[in-house]
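A, B, ... follow the sequence lines: proteins, then strands. Residue 1 opens every chain.
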Amino acid sequence: MWSTQNSQLGAPSLDAFPVAAVTNDHNLKTTQSHRYSSGGQKSKSLRLVAPMWNGTRGIHRLGGAVVPEGNQKKERTMLQFLTDHFYDVEALRGYLLQREMCKVHLKNRFRDKEWIRPDKYGHFSPEFWNFREVPVEAVDASDCEINYEGLDNLLLLKELQSLSLQRCPHVDDWCLSRLYPLADSLQELSLAGCPRVSERGLACLHHLQNLRRLDISDLPAVSNPGLTQILVEEMLPNCQVVGVDWAEGLKLGPEEQPQDTASPVPA
Amino acid sequence: MIRRVLPHGLGRGLLTRRPGTRRGGFSLDWDGKVSEIKKKIKSILPGTPCDLLPDTSHLPPEHSDVVIVGGGVLGLSVAYWLKKLENRQGGMRVLVVERDHTYSQASTGLSVGGICQQFSLPENIQLSLFSASFLRNINEYLAVTNAPPLDLQFNPSGYLLLASEKDAAAMESNVKVQKQEGAKVCLMSPDQLRNKFPWINTEGVALASYGMENEGWFDPWCLLHGLRQKVGVFFCQGEVTRFVTSSQHMLTTDDEMVTLKSIHEVHVKMDHSLEYQPVECAIVINAAGAWSAQIAALAGIGKGPPGTLQGTKLPVEPRKEEEPDPANLEVDHDFFQEKVWPHLALRVPAFETLKVQTAWAGYYDYNTFDQNGVVGPHPLVVNMYFATGFSGHGLQQAPGVGRAVAEMILEGSFQTIDLSPFLFNRFYLGEKTQENNIM
């Protein structure tokens with residue numbers, strides 16, 4: 001129910017989208033004006049989840065900028081929801097980053113490192129600056145419309161260990177050729193189900209020598225999955241390549257033709 | 001109709017049998033005559049091919065604003081960008097004249113299709129970078145409704161250049177320029193090279209530069225096909241045989257007589273016939289690749305005392321020095337055995353047992369002066385623009401060059417990438433725009 005977005009690293013993009021429980025326009029208006037004032041109260045509750053993490057105050061402010069009267073009640077159910085879904089800080093971080101990337105098209109305008117955007121009042125939120133020190137270790141961008149330019153933002157994450165790009169419709173060979181800056185830290189990569197990735201793109205993963213786990217299942221554009229798996233395994237000797245059964249590319253031998261399943265006794 | 005009229009007309013009494021069976025009178029070959037009359041009527045009615053006017057559908061139009069000589073990737077790229085950057089839809093009528101629709105000898109189709117940013121000239125690097133982004137977004141540029149998306153089969157492998165001790169400094173400074181322009185290239189020492197590519201023999205190698213992104217190879221036919229189907233211009237199969245020019249004599253500030261020519265008609269000869277069509281035009285673009293010098297000569301470029309501007313020829317030839325004879329495109333297998341294979345086997349020991357499986361040959365539009373392209377107008381033939389002479393890297397620079405020439409024509413100057421070092425003047429002035437990293 002964090003239907004809003006705006007949680008990018010360092011960006012108080014507050015042309016706010018209303019948050020979770022807002023149901024009518026009236027709420028919308030009040031959220032915008034109460035953005036800063038309601039922030040203070042929320043931070044207390046979220047401390048239970050991530051006490052060290054000041055940044056969440058800002059996010060939660062956006063997330064929790066609901067009508068003041070309804071605050072307490074909604075705040076508790078939201079807390080419940082948060083504790084249920086985000087059982088640890090890792091997951092919360094990962095989730096937040098994923099939501100950031102869903103706004104890739106808008107944010108692509110900021111291709112330099114700074115993603116700072118002033119809100120419509122022209123203010124920056126100071127708390128967001130703390131966020132920048134937190135190293136990101138895992139990013140889950142599955143089903144995300146991230147594209148070549150959007151990867152600019154991911155490549156800045158010098159300590160990224162796990163990246164999941166499953167089923168991303170715009171990730172293609174050109175995008176894979178951009179992943180080499182993550183070579184030092186990246187250990188896990190998943191490309192399962194990306195419709196545009198072919199064996200040519202997989203070939204440029206040879207830079208990622210620290211990769212330990214690579215998932216290349218279900219890639220429709222790869223012409224010979226079995227052979228590709230073997231070549232990738234050769235290319236990355238320390239990596240466990242998952243996803244393709246080597247027997248997939250083989251044809252059935254003559255004595256193993258599919259048997260008549262209707263007969264009770266195997267032939 | 002007449003047949004039906006007859007029984008009614010003659011009354012029932014007289015005609016009890018069908019007219020065809022009567023003797024004499026109307027019966028002789030009545031059916032045949034009627035069908036003849038029907039045929040004649042059909043041929044006169046509209047909507048049927050009529051021999052009143054001769055058929056000119058195979059000829060190019062009589063007027064065209066721009067005539068592009070050469071339908072390879074450069075010519076089509078210029079056509080594409082002219083159409084894309086024109087202010088009004090349909091504002092310019094562009095005609096592309098290509099002699100061979102099968103592209104059997106055109107450099108584009110026979111090209112390896114590599115793209116690389118490791119040049120020493122910033123302009124070359126920028127052109128290549130732009131082309132990489134063009135190719136990456138090719139479906140946004142060249143999408144046609146209801147046509148399947150283009151698959152360039154791009155292989156992002158990267159180019160690796162090796163330098164010996166004496167070239168190492170030059171390589172380092174080149175890489176610096178490349179990085180400044182935004183190319184993603186890294187330098188590698190022999191140790192790093194051995195680490196990364198253990199199958200390379202690093203003897204004699206002092207430094208290597210490796211392109212990390214936007215370098216590799218792709219399918220040139222796909223690009224050509226994509227441009228062809230996108231570009232809404234007249235496409236004509238024929239050969240340019242003549243330019244009809246008009247001259248103006250002018251005095252320069254030093255009181256020297258200068259003859260400025262402008263081409264106002266192009267004669268396009270049809271294949272396998274003597275028929276030709278004079279096409280009136282305002283601008284001619286020479287994108288004829290390996291044969292550009294001949295087209296330039298038709299316009300009178302180079303006809304004059306040597307050393308003068310009139311006498312400066314377009315120095316584009318179909319071959320490099322020391323390469324096989326370009327008289328035909330037969331593969332010279334000995335050339336490979338003697339000149340190429342020794343170097344390969346030395347550098348990569350695994351290639352010692354190499355066997356050639358297939359080979360093909362193609363032309364370079366080789367600029368004998370400084371191995372870089374010629375872009376922009378000719379100083380004397382004021383409406384001929386060049387887009388040729390790229391000596392082996394024309395394919396990878398085509399999108400950028402096409403845009404530059406279109407900008408030159410439409411705006412009068414280069415807007416995005418400044419290709420002034422590639423203007424024709426340098427041949428007369430003797431200033432070489434030399435590229436140090438030739439591939």
B:E172 CD: over 12 foreign heavy atoms closer than 6.0 Å: no
Atom pair CG (A:L176) and CD (B:E213), whose distance is rounded to the nearest 0.5 Å: 11.0 Å
Flag if over 12 foreign heavy atoms under 6.0 Å of NE2, A:H206: yes
Neighbour count above 12 (heavy atom, 6.0 Å) for B:W360 CH2: no
Chain B contact via A:S198 - side chain, backbone, both or neither, heavy atoms under 4.5 Å: neither
Geometric class of the A:W174/B:F154 ring pair [parallel <30°, tilted 30-60°, perpendicular >60°]: parallel
Rounded distance [0.5 Å steps], CG in A:D173 versus CZ in B:R136: 12.5 Å
A:K158 NZ: over 12 foreign heavy atoms closer than 6.0 Å: yes
B:Q415, CD atom: more than 12 neighbouring heavy atoms under 6.0 Å: yes
Gap separating the CG atom of B:N155 from the SG atom of A:C204, nearest 0.5 angstrom: 8.0 Å
Separation of B:K196 NZ from A:H207 NE2 (nearest 0.5 Å): 5.5 Å
